[in-house]
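Just so it is clear: chains get the letters A, B, ... in the order the sequence lines come, proteins before strands, and each one is counted from 1. What you are looking at is a predicted structure, and each value in this text was computed from that prediction instead of being measured.
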Amino acid sequence: MPASTGPGSGARSPARPYGNPWLAGFLLGLVLLASFVIAGRGLGATAAYSALATAVAGLGGAARVAEHPVHARFWNDGAPLLSWTLFLLAGAAAGAFLSAWQGRRLAVVTERGPRVSARTRLLLAFAGGLLAAWGARLARGCTSGQALAGGAMLSVGGLVFMAAVFVAAYALAGRVRRQWL
Amino acid sequence: MTLPVFAFHEPGQALLLGTALLLGLGFGFCLERAGFGSARRLVAVFYLYDMAVVKVMFTAIVTAMTGLTLLAAIGLLDLSSIYVEPTRLPAQALGGLIFGAGFIVGGYCPGTAVAALATGRRDGVAFALGMLAGVASYAELAPGLDAWVSDGGAEQTLTGTTGVHRLWWTLLFIVVLALVARLLAWLERRFAANRPAA
């Protein structure tokens, strides 16, 4: 298999190849395990977006948000930004930056296949994010909270979620092929 | 039993959030190192020419699962103190289908989008903005749906459902991982032609 090169591989400095996936998975598993044995919970991501959305909604009036059936879960007594998951993702942003910097893979680009315009790709990325958010809120978790953390804990719901994600994505892959290949 | 640490020693807010920040650092580092800051690398799994997503996820799950099983077996870890999202099958099946559509259309998931935007990917920013719009619109438009989702779920694990001990499930997952590794290598050879030129 040829080494994958990131999209920063231009004339200036060649991007180093990504790490071995088995090793990366093993290390990710150790981080997940550390989260379980230290904090008593697994990794997550979607709750961070909800915390941000609740913080924004709170600007329009704290009382309504504190009473709101959905926002109340993320209101955290008026400090929605002091959220475990939001700090986790802030750390993740820094960790990803460090890894990409070390691997010379930092690059301001729009990732897309050769047959799609940057504008279309950005619109589809936004639409995909919107769909993923609704899916993750319905399932009470995403690839991190349900699939990774739930899977490691042998959670039935987490494993069913993961199966459903792959079923839908494989079923639709042919329809959006132009965007990627 | 002494683990999980925070179940036996309640942390202050600074320690709690500092721990989250540090764990996140490792989380993001691993995601980017695996190539998951790149949408094309992620969706490659759905065109079968690069199965890194399955390799990384499956290995991570089995690694953490094995660690949890061993720590619990020697009496160090109280598994019942670990939070697991409640299972509610219709919600997780429907949510998973919608989420999967978002994944293949958008190219990221909520965590990998952060790895992407932190390393300069504009489409990662767009996906994250879509996520924000999504959770905000869900909160405003779907409190009824959310009540349905939250209703009646309970923590449900394979161990509790089947009565088969966690040790056996862990062994089964390790064996399946070894078999899947061979399948993935075959798929990558079979569908190598799908790999885009540039």
Side-chain angles (χ1 to χ4, degrees), chain A residues 18-19 21 24-25 27-29 31-33 35 37-38 40-41 45-46 49-50 53 69-70 84 87-88 91-93 95-97 99-100 108 110-111 122 125-126 128-133 135 137-144 151-157 160-161 164-165 168-169 172-173, chain B residues 3-5 7 17 20-21 23-30 32-35 39 46 52 55-56 59-61 63-65 67 83-85 87 92-93 95-102 104-106 109-111 115 118-120 122-123 126-127 130-131 134-136 138-139 143 156-158:
Chain A
Y18 296 125
L27 293 176
L28 181 58
V31 175
L32 178 58
L33 181 62
S35 181
V37 300
I38 295 170
R41 61 166 111 182
T46 305
Y49 295 89
S50 288
V70 179
W84 165 271
F87 274 68
L88 190 77
F97 180 88
S99 171
V108 179
T110 304
E111 283 237 349
L122 289 176
F126 183 87
L130 200 81
L131 276 173
R137 284 285 49 122
L138 281 176
R140 288 291 189 110
C142 59
T143 10
S144 308
M153 285 296 288
L154 294 166
S155 162
V156 176
V160 166
F161 172 81
V165 169
L172 284 174
Chain B
L3 302 173
V5 179
L17 297 179
L21 210 56
L23 286 168
L25 204 68
F27 184 26
F29 193 93
C30 291
E32 204 287 330
R33 189 50 42 128
F46 302 119
K55 294 177 192 172
V56 171
T59 312
I61 288 171
T63 300
M65 186 188 296
Y83 178 77
V84 182
E85 289 289 343
T87 287
Q92 266 121 26
L97 290 174
I98 297 172
F99 186 94
I104 185 67
V105 169
C109 61
T119 54
R122 292 191 198 92
D123 48 324
F127 186 95
M131 276 290 300
V135 292
Y138 176 86
Q156 195 181 327
T157 63
L158 285 180

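Listed options Ala93(B), Ala39(B), Ala20(B) were ranked by heavy-atom pairs under 4.5 angstrom with chain A; first place goes to Ala20(B). For the set Cys109(B), Gly35(B), Ala115(B), the count of heavy-atom pairs under 4.5 angstrom toward chain A peaks at Gly35(B). Among Ala45(A), Gly141(A), Ala93(A), Ala100(A), the residue with the largest count of heavy-atom pairs under 4.5 Å with chain B is Ala100(A). For the set Ser99(A), Pro21(A), Ala169(A), Ala92(A), the entry with the most heavy-atom pairs within less than 4.5 Å of chain B is Ser99(A). The greatest number of non-hydrogen atom pairs below 4.5 Å with chain A, out of Ala101(B), Gly102(B), Gly24(B), is found for Gly24(B). Put simply, of Leu131(A), Leu32(A), Val160(A), the one with the most heavy-atom pairs under 4.5 Å next to chain B is Leu131(A). Interface check for chain B: of the options Ala168(A), Ala173(A), Ala53(A), Ala24(A), the most heavy-atom pairs under 4.5 Å are formed by Ala173(A). For the set Leu3(B), Val84(B), Leu97(B), the count of heavy-atom pairs under 4.5 angstrom toward chain A peaks at Leu97(B). Note: Ile104(B) leads Ile104(B), Val5(B), Ile98(B) in heavy-atom pairs under 4.5 Å with chain A. Taking Met65(B), Arg33(B), Gln156(B) one by one and counting their heavy-atom pairs under 4.5 Å with chain A, the maximum is reached by Arg33(B). Contact tally against chain B (heavy-atom pairs below 4.5 Å) for Ala132(A), Ala133(A), Pro69(A), Gly129(A): the top residue is Gly129(A).
The nearest pair of heavy atoms linking Ala139(A) to Gly96(B) is CB-N, 4.5 Å. Summarising the geometry of Val135(B) relative to Tyr49(A), their closest heavy-atom pair is CG2-O, 3.6 Å, with the distance given to 0.1 Å. Of all heavy-atom pairs between Cys142(A) and Phe99(B), the closest is CB-CE1, 3.5 Å. Closest non-hydrogen pair, Ala152(A) versus Ala64(B), comes out as CB-CB, 3.8 Å. For Thr87(B) against Ser155(A), the heavy-atom pair with the smallest separation is OG1-OG, 3.7 Å. The shortest non-hydrogen separation linking Met153(A) to Thr157(B) is O-CG2, 3.5 Å.
To the nearest 0.5 Å, atom CG of residue Leu138(A) and atom OH of residue Tyr138(B) are 5.0 Å apart. Taken from CG in Leu172(A) to CZ in Phe46(B), the straight-line distance is 10.0 Å, to the nearest 0.5 Å. Going from atom CE of Met131(B) over to atom CZ of Arg137(A) covers 8.0 Å, rounded to the nearest 0.5 Å. For the atom pair Glu111(A) CD and Arg122(B) CZ, the distance stands at 11.5 Å (nearest 0.5 Å). Rounded to the nearest 0.5 angstrom, Leu130(A) CG and Phe127(B) CZ are separated by 9.5 Å. Note that CD of Glu85(B) is 10.0 Å distant from CZ of Arg41(A), once rounded to the nearest 0.5 Å.
Interface residue Ser144(A): only side-chain heavy atoms are found under 4.5 Å from chain B.
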